[in-house]
J.: 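Take a look at the following structure, please.
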Amino acid sequence: MLKEQKVFKRPEEGRDSVWFQDNSAQVNLKYIKEVNDFAILPIGAIEQHSAHCPTGMDSFNAIGLAEKVAEKSGATVLPCPMYGGHPYMHMGMPCTIPLNYETNIALLHDIIAGAANAGFNKFLILSAHGQDSSMYTAVHKLGMEGYFTMVSNWYDFLRDDKEVLDTFMWHADEAESSMGLSLYPDKMHMDLVFEDDGKTPAVDSYGTKLVDGKWKMAPGEASHPWQMYHFGGTFALMEKDDLPYGVIGEPSRATKEKGDKMVERVTDGFAELIKEIMTDFPVGINPLGFRNPLGFMGCSDIKYDEHHDEKGRLIK
């Protein structure tokens with residue numbers, strides 16, 4: 001016998017989960033229309049993270065953070081696609097499964113556009129895979145079509161700048177390993193050792209420098225003059241040849257306590273951002289004020305909706 005669908009007594013209690021896929025279509029549609037039309041898309045990657053971290057680490061970090069943000073903000077979390085785009089130096093690395101840039105741009109575009117069909121008007125792509133440069137292209141393509149979309153790597157949003165951590169965030173390092181110990185300790189294996197040399201997979205190591213670090217803003221670092229973005233150039237050798245342990249950084253410094261602090265700060269920040277946007281643009285309002293399915297070709301003839309004036313400004 002079918003279980004009777006729950007009756008909505010109060011809309012804010014009218015869903016089974018913050019996860020879009022856990023609710024029925026009817027539950028999602030009612031919640032989006034009456035309570036909160038903000039969606040979070042967590043994105044990561046399937047990528048080697050040495051032997052002490054799972055290959056799904058980036059995706060697991062994004063999923064864990066997105067769920068906590070949704071619980072605090074009332075937003076809905078869309079299913080994580082798991083795979084992601086990658087920079088040149090990741091290519092050929094065993095156990096890293098990259099998407100082509102065009103594939104990843106199309107994937108992100110289609111997920112957001114499809115979710116908007118359910119009534120979502122505001123989107124945050126929450127990334128835990130820092131080198132996914134194609135996500136920025138996807139956001140601007142979506143912007144031309146009238147989808148209000150933001151994208152942020154959690155560590156650049158946090159800007160810890162060594163407040164919680166002893167080092168900046170790189171790869172399978174202090175930051176990522178600490179977050180893993182906080183969010184999914186059962187998947188972390190800090191005590192394993194490599195059979196050939198007896199070293200732990202949490203060994204501290206860095207790649208070969210091609211440009212001095214003073215010219216690059218490290219992930220999570222507060223910027224200063226004369227710095228390029230850390231992924232703004234071909235600054236690294238191919239990882240398959242240069243990283244014997246698959247680590248960039250110092251995972252030996254990782255602790256659950258550091259992870260807990262980062263998770264709390266990131267969650268609070270994103271939740272506050274979402275709440276502010278929902279206050280400024282309540283349910284049913286698209287902050288951009290238009291839909292333009294023609295994209296680039298239709299931008300010269302945009303027509304704004306009834307909530308906005310002829311210049312696209314929200315009518316108070």
J.: Answer with yes or no whether the side chains of Asp156 and Tyr229 bring together a donor and an acceptor at under 3.5 Å.
T.: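 Distance-only check passes for Tyr229 and Asp156.
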J.: Please check if the side chain of Asn153 supplies one atom and the backbone of Ala128 the other of a donor-acceptor pair under 3.5 Å.
T.: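 No, Asn153 side chain to Ala128 backbone: no donor-acceptor pair under 3.5 Å.
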J.: Do any side-chain atoms of residues 208-216 form donor-acceptor pairs under 3.5 angstrom with protein atoms, and if so which ones, sequence neighbours left out?
T.:
unit_1 : atom_1 : unit_2 : atom_2 : d
Thr208 : OG1    : Asp242 : OD1    : 2.8
Thr208 : OG1    : Asp242 : OD2    : 3.4
Asp212 : OD1    : Lys214 : N      : 2.9

J.: Who pairs with Glu310 by side chain to side chain contact (heavy atoms under 4.5 Å, CB included), at least two apart in sequence or on another chain?
T.: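 Scan of Glu310 (side chain to side chain contact (heavy atoms under 4.5 Å, CB included), adjacent residues dropped) gives none.
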J.: Which residues satisfy the side chain to side chain contact (heavy atoms under 4.5 Å, CB included) test with Leu294, sequence neighbours excluded?
T.: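 Counting only residues at least two positions away or on another chain, Leu294 forms a side chain to side chain contact (heavy atoms under 4.5 Å, CB included) with Asn292.
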J.: Do any N or O atoms from the side chain of Asp309 and from the backbone of Gly312 form a donor-acceptor pair under 3.5 angstrom?
T.: yes
J.: Show me the pairs that pass salt bridge (charged side-chain N to carboxylate O under 4.0 Å, His left out) and involve residues 272-281, at least two apart or across chains.
T.: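 Salt bridge (charged side-chain N to carboxylate O under 4.0 Å, His left out) check on residues 272-281 returns no pairs.
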J.: Could you work out, with side chain to side chain contact (heavy atoms under 4.5 Å, CB included) as the rule, every residue matching Pro185, not counting sequence neighbours?
T.: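 Partners of Pro185 under the side chain to side chain contact (heavy atoms under 4.5 Å, CB included) test: none.
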J.: Clusters formed by hydrophobic residues whose side-chain heavy atoms approach within less than 4.5 Å: which one holds Leu29, and what are its other members?
T.: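 Other cluster members: none.
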J.: Would you say His49 and Asp58 are linked by a side-chain donor-acceptor pair, where the criterion is simply a distance under 3.5 Å?
T.: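 A donor-acceptor contact under 3.5 Å links the two side chains.
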J.: Could you tell me which residues satisfy side chain to side chain contact (heavy atoms under 4.5 Å, CB included) with His140, sequence neighbours excluded, listed by chain and number?
T.: none
J.: Centre of Phe168's six-membered ring, under 6.0 Å away, within 45 degrees of the axis: is that where NZ or CZ of Lys162 sits?
T.: yes
J.: Who pairs with Glu257 by salt bridge (Lys or Arg N to Asp or Glu O under 4.0 Å), at least two apart in sequence or on another chain?
T.: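 Glu257: no salt bridge (Lys or Arg N to Asp or Glu O under 4.0 Å) contacts found.
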J.: Please determine, by modelled atom types, if Asn61 and Tyr184 share a side-chain donor-acceptor pair under 3.5 angstrom.
T.: yes
J.: So, the side chain of Asp204 versus the backbone of Ser252: is there a donor-acceptor pair under 3.5 Å, distance only?
T.: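 Side chain of Asp204 to backbone of Ser252, a donor-acceptor pair under 3.5 Å: yes, one is there.
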J.: Would a distance-only check, ignoring hydrogens and angles, find a side-chain to backbone donor-acceptor pair under 3.5 Å from Thr149 to Phe123?
T.: no
J.: Measure from the side-chain N and O atoms of Thr267 to the backbone N and O of Val263, and report whether any donor-acceptor pair falls under 3.5 Å.
T.: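 Pair found, side chain donor or acceptor close to backbone of Val263.
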J.: Test of understanding: clusters of I, L, V, M, F, W, Y form through side-chain heavy atoms closer than 4.5 Å, transitively. Do Leu142 and Ile105 belong to the same one?
T.: no
J.: Among Lys261, Met262, Met169, which residue meets the side-chain contact (heavy atoms from CB on, under 4.5 Å) test with Leu158?
T.: Met262
J.: Compute the centroid of each ring, for Phe157 and then for Phe270, and state whether the two points are separated by less than 6.0 Å.
T.: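 Ring centroids of Phe157 and Phe270 are less than 6.0 Å from each other.
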J.: What pairs meet the salt bridge (charged side-chain N to carboxylate O under 4.0 Å, His left out) rule with one or both residues in residues 172-186, with sequence neighbours excluded?
T.: Glu174-Lys258
J.: Can you measure from OH (Tyr31) to CG (Asn23) and round to the nearest 0.5 angstrom?
T.: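 Separation between the atoms: 9.5 Å.
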J.: To the nearest 0.5 Å, what is the distance between CD1 (Ile43) and OG (Ser59)?
T.: 9.0 Å
J.: Is a side-chain donor-acceptor pair under 3.5 Å present for Arg253 with Ser178?
T.: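 No.
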J.: Judged by atom type as modelled, is there a donor-acceptor pair below 3.5 Å linking the side chain of Thr96 to the main-chain atoms of Glu47?
T.: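 Side chain of Thr96 to backbone of Glu47: no pair is present.
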J.: Residues sharing Ile315's hydrophobic cluster, by side-chain heavy-atom contacts under 4.5 Å among ILVMFWY, directly or via others?
T.: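 When side chains under 4.5 Å apart are linked, Ile315 ends up in no cluster with other residues.
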J.: Taking salt bridge (charged side-chain N to carboxylate O under 4.0 Å, His left out) as the cut-off, I'd like each qualifying pair that reaches into residues 110-127, sequence neighbours left out, listed once.
T.: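 Residue pairs passing salt bridge (charged side-chain N to carboxylate O under 4.0 Å, His left out), neighbours aside: Asp37-Lys122.
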J.: Hey, mind stepping through His171 and Glu239 against side chain to side chain donor-acceptor pair (under 3.5 Å) and telling me if it holds?
T.: CA-CA 11 Å; His171 177 71; Glu239 290 185 350; 5.0 Å; no
J.: For Gln48 and His90, does a side-chain donor sit closer than 3.5 Å to a side-chain acceptor?
T.: no
J.: Give every residue pair that meets the salt bridge (charged side-chain N to carboxylate O under 4.0 Å, His left out) criterion with at least one member in residues 63-86, sequence neighbours excluded.
T.: Lys72-Asp268
J.: Which value, rounded to the nearest 0.5 Å, describes the distance between Glu306 atom CD and Ile285 atom CD1?
T.: 7.5 Å
